[in-house]
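Notes to accompany the following structure.
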Amino acid sequence: MTLLRGTDGSKLAVITESQSAAPKRGKRRAWPAYVAVAQSQHDCDAVLVVIASSQATANACRRTIHTGHPGFSLDPIVIGPHNTPDPTDPAFAGVAPELTVLAALTHALDLTDDTNRRLVLDKLATLDRETRTTYTRFVQHAASDAARKALEELMASPTYRDDFVDGLLEQGEARGEARGEAKMLVRFLVARGFEVSDDLRGHILTSSNTEQLETWFDKAVVADSLDTIFGH
């Protein structure tokens with residue numbers, strides 16, 4: 001959730017959801033609650049923005065959510081391949097790197113195309129190191145395996161090496177650390193007698209967020225159910 005503040009002191013809470021597939025019924029029913037809670041907690045208007053990685057997902061996310069209460073229905077704001085702002089438009093020059101990342105997430109930019117990969121790296125290269133590293137991870141996560149490999153090869157080329165190789169090394173170290181923590185968490189859950197399904201095992205082992213893994217581990221020490229740990 002992002003809290004935007006205007007120069008006049010006004011506020012707007014923006015809840016952002018990323019969807020790579022049509023949301024399940026339970027997830028959709030939770031979205032109106034997200035908006036209501038944000039509105040209450042921050043004492044301001046709140047909106048829900050869904051970033052969809054395909055047109056089909058965007059169409060599914062855009063459907064009105066009826067709560068059953070008269071007049072209380074939610075029409076999510078959906079950004080998908082069809083309506084992602086063009087990051088090359090001069091009118092958006094001030095936020096071009098951010099729009100480039102958004103276009104990668106929604107697949108409005110086809111990262112299997114070398115021209116688009118170079119466009120992404122050119123925009124990211126203008127950022128400070130920390131922001132560049134974070135945005136690069138977003139783009140890599142959104143890319144297909146083939147596009148990710150091609151992107152990383154391009155990042156290691158002489159043209160982009162100075163801007164991106166250090167970030168690649170850092171990401172490699174971070175992935176290694178996360179992988180070790182994930183394996184340890186799985187072993188700990190099994191030792192505590194929890195039945196770890198293949199889906200849950202895969203979910204844990206593919207996580208690269210060390211903070212999330214540590215949070216799960218802390219909960220696993222005292223939890224009496226997997227629901228308590230993972231919130232399923």
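Just so you know, these numbers come straight off a predicted model, no measurement behind them. All residue numbers in this chain count up from 1 along the given sequence.
Applying the salt bridge (charged side-chain N to carboxylate O under 4.0 Å, His left out) rule to pairs touching residues 93-120 yields Asp114-Arg117, Asp114-Arg118, sequence neighbours excluded. Within the structure, every pair that satisfies the salt bridge (charged side-chain N to carboxylate O under 4.0 Å, His left out) test and touches residues 11-25, not counting sequence neighbours, is listed here: Glu17-Lys27. Residue pairs meeting the side-chain hydrogen bond (donor to acceptor under 3.5 Å, both in side chains) criterion with at least one partner in residues 43-60, sequence neighbours excluded, are Ser54-Thr57, Gln55-Asn59, Gln55-His82, Asn59-Arg62.
With Thr133 contributing its side chain and Arg129 its backbone, the two residues share a donor-acceptor pair below 3.5 Å. Between the side chain of Ser40 and the main chain of Ala36, no donor-acceptor pair closer than 3.5 Å is present. The main-chain N or O of Ala142 is found under 3.5 Å from a side-chain atom of His107 such that the two form a donor-acceptor pair. In this structure, the side chain of Ser207 does not engage the main chain of Ile204 through any donor-acceptor pair within 3.5 Å. No donor-acceptor distance shorter than 3.5 angstrom exists from the side chain of Asp86 to the backbone of Leu99, with no hydrogens or angles considered.
Val37 and Val35 fall into different hydrophobic clusters, where Ile, Leu, Val, Met, Phe, Trp and Tyr side chains are chained together by heavy-atom contacts under 4.5 Å. Both Phe92 and Ile51 are members of a single hydrophobic cluster when ILVMFWY side chains are connected at heavy-atom separations under 4.5 Å. Using a 4.5 Å cut-off between side-chain heavy atoms of Ile, Leu, Val, Met, Phe, Trp and Tyr, with links allowed through other members, Val190 and Met184 fall into the same hydrophobic cluster.
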message: Between Asp8 and Ser10, is the side chain to side chain donor-acceptor pair (under 3.5 Å) condition met? List the steps.
response: CA-CA 6 Å; Asp8 59 354; Ser10 60; 2.7 Å; yes
message: Does Ser73 form a side chain to side chain donor-acceptor pair (under 3.5 Å) with Thr64? I'd like the steps, not just the answer.
response: CA-CA 7 Å; Ser73 298; Thr64 299; over 6 Å; no
query: Going through the distances and angles, do Thr134 and Thr131 end up as a side chain to side chain donor-acceptor pair (under 3.5 Å)?
result: CA-CA 5 Å; Thr134 300; Thr131 305; over 6 Å; no
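In terms of heavy-atom proximity, Gly80 sits nearest to Thr106 at C-CB, 3.8 Å.
With sequence neighbours excluded, the residues that form a ring pair (Phe, Tyr, Trp, His ring centres under 6.0 Å) with Phe217 are Phe188. Among residues two or more places apart in sequence or in another chain, the salt bridge (charged side-chain N to carboxylate O under 4.0 Å, His left out) test is passed with Asp145 by Arg148. Residues that satisfy the salt bridge (charged side-chain N to carboxylate O under 4.0 Å, His left out) test with Lys219, not counting sequence neighbours, are absent from this structure.
In this structure, CG on Leu124 lies 10.0 Å from OH on Tyr160, to the nearest 0.5 angstrom. Atom SG in Cys44 sits 5.5 Å away from atom CG in Leu3 (nearest 0.5 Å). To the nearest 0.5 Å, atom OH of residue Tyr135 and atom CG of residue Leu102 are 10.5 Å apart. The CG atom of Leu205 sits 9.0 Å away from the CG atom of Leu213 when rounded to the nearest 0.5 Å.
The 12-atom threshold is not exceeded at CG of Asp198, counting heavy atoms of other residues, nucleotides or ligands nearer than 6.0 Å.
Note: His203 and Trp216 have tilted aromatic rings, judged against thresholds of 30 and 60 degrees for the angle between ring planes.
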